[in-house]
Amino acid sequence: MIRLEKIDKYFGGLRVLNSVDLQLASGNVTALIGPSGSGKSTLLRCVNLLEIPESGALELGDQRLEFSRDQRPSREAVLTIRRRTGMVFQNFQLFPHLTVRQNVMEGLVTVLKWDKDKARARADELLEKVGIAQKADAWPSTLSGGQQQRVAIARALAPSPEVLLCDEPTSALDPGLAAEVVEVLKQLAVEGMTMLMATHDLRLAATIARDVVFLNNGVVVEAGPSREIFMQPRAPETERFVSTLTHSLPDEWTEPGGAGRR
Ligand SMILES: Nc1ncnc2c1ncn2[C@@H]1O[C@H](COP(=O)(O)OP(=O)(O)O)[C@@H](O)[C@H]1O
Ligand SMILES: [Mg+2]
């Protein structure tokens with residue numbers, strides 16, 4: 001279980017997250033939706049402490065951190081949280097000077113001090129899992145965007161994180177390449193990976209995520225089962241935003257008699 005309580009994040013005078021509460025049950029996939037600039041990336045970065053909130057609390061399993069302006073969390077606490085969370089970025093962020101396999105091994109060897117043979121075996125296992133074992137010795141720049149993102153997913157999974165954070169994992173990809181990334185994420189969801197992902201991709205949000213959180217101006221406007229948020233949003237802001245997401249909703253959501261999305 002991951003819990004955020006009353007998280008506030010400021011950049012200078014700008015309050016980017018405003019008392020955000022969020023609970024992610026283990027094994028559950030939650031989509032984070034909202035307009036550009038609403039704070040989705042910042043929220044994800046607060047979960048793995050790439051950004052440190054000014055106030056509120058973060059609970060990850062048995063670890064609880066309370067934030068205040070007066071005291072930053074210890075380096076040790078930050079590293080522990082980092083280790084327990086994996087992050088996948090919109091633009092992959094692979095190391096260009098390392099091969100695909102080395103990209104996946106890198107954190108295991110340099111941060112977790114695994115020996116190289118063990119790290120290599122783990123990398124190969126994960127590259128197999130994301131369907132890209134044949135590219136293990138290739139340079140990232142020779143791969144398609146979809147392949148690069150699958151490598152990035154393998155890298156994020158390497159230390160066996162308890163939650164995978166994905167920041168618009170398909171939005172830099174053409175539809176065909178996005179589909180192969182959606183397939184990999186869908187498989188992880190089926191296997192029970194806990195995930196929080198910011199996305200504008202309805203295939204991701206509606207078909208993989210059980211829950212949806214709608215963020216607007218740093219405020220959680222509405223959260224709940226994805227079907228409810230997409231089909232019967234309570235807040236007008238949610239309804240307006242959902243109607244801007246253009247892909248069609250899953251067929252099984254269309255009620256007999258044709259009552260689709262409002
Ligand atoms: N490092 C930063 N410094 C200053 N402002 C930032 C920084 N990162 C994000 N912001 C601002 O915070 C707000 C939320 O940004 P972001 O979390 O990237 O939103 P989203 O991912 O939903 O598009 C925006 O107004 C953005 O300009
Ligand atoms: Mg963003």
Side-chain angles (χ1 to χ4, degrees), residues 2 4-24 29-58 65 67 69 72-73 78 81-82 85-94 145-146 148-149 152-153 155-156 163-174 177-178 181-182 185 195-206 208-209 211-224 226 229-230 233 235-247:
I2 295 165
L4 302 183
E5 283 171 24
K6 298 202 170 0
I7 292 286
D8 284 327
K9 178 65 198 170
Y10 290 81
F11 288 120
L14 182 67
R15 191 181 196 179
V16 175
L17 296 177
N18 186 344
S19 200
V20 167
D21 286 320
L22 194 65
Q23 274 193 40
L24 309 176
V29 179
T30 304
L32 186 56
I33 63 170
S36 183
S38 57
K40 302 180 297 297
S41 297
T42 304
L43 181 55
L44 291 170
R45 293 167 64 84
C46 282
V47 177
N48 80 342
L49 302 183
L50 283 172
E51 300 288 352
I52 308 291
E54 271 71 40
S55 58
L58 168 65
L65 278 181
F67 305 105
R69 282 180 185 274
R72 284 178 67 91
V78 171
I81 292 282
R82 291 265 171 83
T85 54
M87 183 78 127
V88 173
F89 302 92
Q90 180 177 350
N91 295 316
F92 331 130
Q93 300 198 13
L94 298 176
Q148 290 187 53
Q149 190 61 299
I153 292 169
R155 181 179 62 180
V163 59
L164 188 63
L165 308 167
C166 302
D167 195 356
E168 305 202 26
T170 59
S171 62
L173 303 172
D174 292 337
L177 299 180
V181 170
V182 171
L185 293 172
M195 293 193 248
L196 176 61
M197 55 186 155
T199 186
H200 291 289
D201 185 336
L202 257 194
R203 264 177 314 184
L204 273 182
I208 300 185
D211 291 325
V212 171
V213 172
F214 174 57
L215 196 66
N216 199 14
N217 287 322
V219 174
V220 173
V221 174
E222 199 164 335
S226 47
I229 301 287
F230 289 126
E237 299 103 293
T238 315
E239 179 161 5
R240 224 173 297 131
F241 180 74
V242 164
S243 71
T244 66
L245 298 171
T246 49
H247 297 288

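Residues: numbered from 1 along the sequence shown. Whatever order the structure lists ligands and atoms in, that order sets their numbers, starting from 1. The basis for the numbers below is simple: all heavy atoms, side chains too, and nothing from hydrogens, waters or symmetry mates. Computed from a prediction, not measured in an experiment: that's the story for all the values here.
- Shown here is Asp8, whose CG atom has more than 12 heavy atoms of other residues, nucleotides or ligands within 6.0 Å.
- Contact check for Ile229 versus Phe241: no side-chain heavy atoms found under the 4.5 Å cut-off.
- Rounding to the nearest 0.5 Å gives a distance of 10.0 Å between CZ of Arg15 and CD of Glu54.
- Here the CG-NZ distance, from Asn18 to Lys9, works out to 14.0 Å after rounding to the nearest 0.5 Å.
- Atom OG1 of Thr238 and atom CG of Leu215 lie 11.0 Å apart (nearest 0.5 Å).
- Distance check, rounded to the nearest 0.5 Å: CZ of Arg240 to CZ of Phe214 gives 8.5 Å.
- Residues Leu32 and Leu22 fail the side-chain proximity criterion, which asks for heavy atoms closer than 4.5 Å.
- Distances shorter than 2.8 Å separate the Mg ion (ligand 2) from the protein N/O/S atoms Ser41 OG.
- Checking Gln90 against Ser171 by side-chain atom types alone, a donor-acceptor pair falls below 3.5 Å.
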Derivation of the side chain to side chain contact (heavy atoms under 4.5 Å, CB included) call for Met195 and Val163
CA-CA 5 Å; Met195 293 193 248; Val163 59; 5.7 Å; no

Quick one: ligand 1 N/O to protein N/O pairs below 3.5 Å?
unit_1: ligand 1; atom_1: 17 (O); unit_2: Thr42; atom_2: N; d: 2.9
unit_1: ligand 1; atom_1: 17 (O); unit_2: Thr42; atom_2: OG1; d: 2.5
unit_1: ligand 1; atom_1: 19 (O); unit_2: Gly39; atom_2: N; d: 3.1
unit_1: ligand 1; atom_1: 21 (O); unit_2: Ser41; atom_2: N; d: 2.9
unit_1: ligand 1; atom_1: 21 (O); unit_2: Ser41; atom_2: OG; d: 2.9
unit_1: ligand 1; atom_1: 22 (O); unit_2: Ser38; atom_2: N; d: 3.2
unit_1: ligand 1; atom_1: 22 (O); unit_2: Ser38; atom_2: OG; d: 3.4
unit_1: ligand 1; atom_1: 22 (O); unit_2: Gly39; atom_2: N; d: 3.0
unit_1: ligand 1; atom_1: 22 (O); unit_2: Lys40; atom_2: N; d: 2.9
unit_1: ligand 1; atom_1: 22 (O); unit_2: Lys40; atom_2: NZ; d: 2.8
unit_1: ligand 1; atom_1: 23 (O); unit_2: Gly37; atom_2: N; d: 2.6

